[in-house]
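Here is the structure we will look at.
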Number of protein chains: 2
Amino acid sequence: MPEAPPPAPTGDELLKVLSALGNPHRMRIVAALMESRNYVSALARLIGMGRPLLHMHLQRLEAAGLVAGTLEVAEDGKTVKYFDVTPFFYELTPRVVAQAAATITDTTETDRTAGRSAKEEAK
Amino acid sequence: MPEAPPPAPTGDELLKVLSALGNPHRMRIVAALMESRNYVSALARLIGMGRPLLHMHLQRLEAAGLVAGTLEVAEDGKTVKYFDVTPFFYELTPRVVAQAAATITDTTETDRTAGRSAKEEAK
DNA sequence: GATATGTGTCAGGAATCTTTGACAGGTGAC
DNA sequence: GTCACCTGTCAAAGATTCCTGACACATATC
């Protein structure tokens, strides 16, 4: 019965994941890495993209925990950084979104003046 | 046996959904609409946001099929637009992402020059 | 009429993301 | 040393997104 209970992701976590995956290039990168792990230079010319750009996208994906990079040393001494996709799993429904929204660490939290019940406002 | 088979979203569809949900304000909007449907003006002051801005976010969410708006006429004759969240459900895993990535209608599809096996490139 | 509420849109600036080209290392092979 | 690979970073330009303050238009109430 290893029945995994619905894991409730943190607002910030889900936010990073969604914004990371909400980009055509990043989606394609994940797709390419699904077929086979690869290192950045090879992957760059495989999907026809500049290395600095790919580097940035990979960074974004890694920050979201969707891919993992390991700096390895090939047999010939060359230093190479391989990337693999991590077996992530997120369930996207109104409930988990609402739940996540409640735990967002908005950096723009400049006003702590709040106080209105926000209930009578609805009418 | 109403076992729902894993629905494979289109690349463009998933892209719209993810980029729509990958925004703190939009997540909060969904959360607010989960508690109770509401019309844009009331919702605007409920979550403390300008109407034009809210309008734009709602539009984005509706375009992604995450919320639905209906223009109703209240008993007193006022025209009001109510929004409800649609019961969406997406499964986010490497596989569905890779699958979706394959069906992306990239508007930047300028080069059909491809042809390399993209296999020997990996080495 | 004037006021208050609702709807929507538009133009322009602010903030952010994306993209590119150049640079600075490192190692192995000729 | 020189060449061919790999790694990473930086600054500046380009393209999007986000946000705000008007504006126009309806209806009901005073």
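Below, chain A is the first sequence line, B the second, and so on; all start at residue 1. This one's a predicted model, so the numbers in the text were calculated from it and none came from an experiment.
Legend: residues meeting salt bridge (charged side-chain N to carboxylate O under 4.0 Å, His left out) with A/Asp12, ordered by chain and number and at least two apart, are absent.
Look at B/Arg45 and you won't find any side-chain N or O under 4.0 angstrom from OP1 or OP2 of C/dT5. Between C/dT18 and A/Asn23, a contact under 4.0 Å exists linking OP1 or OP2 to a side-chain N or O. Contact annotation: A/Tyr39 side-chain N/O to D/dT7 OP1/OP2 distance is not under 4.0 Å. For A/His25 and C/dC17, the shortest distance from a side-chain N or O to OP1 or OP2 is not below 4.0 Å. Contact annotation: B/Lys81 reaches the phosphate of C/dG8 (side-chain N/O to OP1 or OP2, under 4.0 Å).
As a whole-Å value, the separation of A/Glu72 CD from D/dC5 P is 21 Å. In this structure, CG of B/Leu71 is placed 13 Å from C1' of D/dC25, rounded to the nearest angstrom. Computed from coordinates, the B/Lys78 NZ to C/dG8 C1' distance equals 16 Å when rounded to whole Å. Protein atom CD1 of A/Ile29 is 13 Å distant from nucleotide atom C1' of C/dT19, rounded to whole Å. B/Arg26 has its CZ atom 16 Å from the P atom of D/dT16, to the nearest Å. When the C1' atom of D/dG8 is taken as reference, atom CZ of A/Phe83 falls 11 Å away, rounded to whole Å. Put simply, CG on B/Asn38 is 13 Å from C1' on C/dG6, counting in whole angstrom units. Distance CG (A/Leu46) to C1' (D/dC6): 17 Å, rounded to an integer number of Å.
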Would you please test A/Lys16 and A/Arg60 for side-chain contact (heavy atoms from CB on, under 4.5 Å) and show each step? CA-CA 8 Å; A/Lys16 256 187 301 194; A/Arg60 213 134 158 33; 5.8 Å; no
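Under the 4.0 Å criterion applied to side-chain N and carboxylate O atoms, B/Lys78 and B/Glu72 are not assigned as salt-bridge partners.
Rounding to the nearest 0.5 angstrom, the gap separating the CZ atom in B/Arg45 from the CG atom in B/Leu43 is 10.0 Å.
Placement of A/Val30 and A/Met56 in two distinct hydrophobic clusters is found when ILVMFWY residues are connected by side-chain heavy-atom separations under 4.5 Å, directly or transitively. Under the 4.5 Å side-chain heavy-atom criterion for Ile, Leu, Val, Met, Phe, Trp and Tyr, B/Phe89 and B/Val17 are members of distinct hydrophobic clusters.
Side chain of A/Val40, nearest nucleotide from C/dT5, D/dC5, D/dT7: D/dT7.
When the nearest nucleotides of DNA chain C are assigned to A/Thr79 and A/Gly50 by heavy-atom distance, the more 5′-ward of the two goes with A/Gly50.
Nearest heavy-atom pair, B/Glu62 versus B/Gly69, reported as atom, atom and distance to 0.1 Å: OE2-N, 3.1 Å.
Residues from residues 51-67 of chain A with heavy atoms under 4.0 angstrom of DNA chain C, sorted by number: A/Pro52, A/Leu53, A/Met56, A/His57, A/Arg60.
Base contact: A/Ser41 has a heavy atom under 4.0 Å from a base atom.
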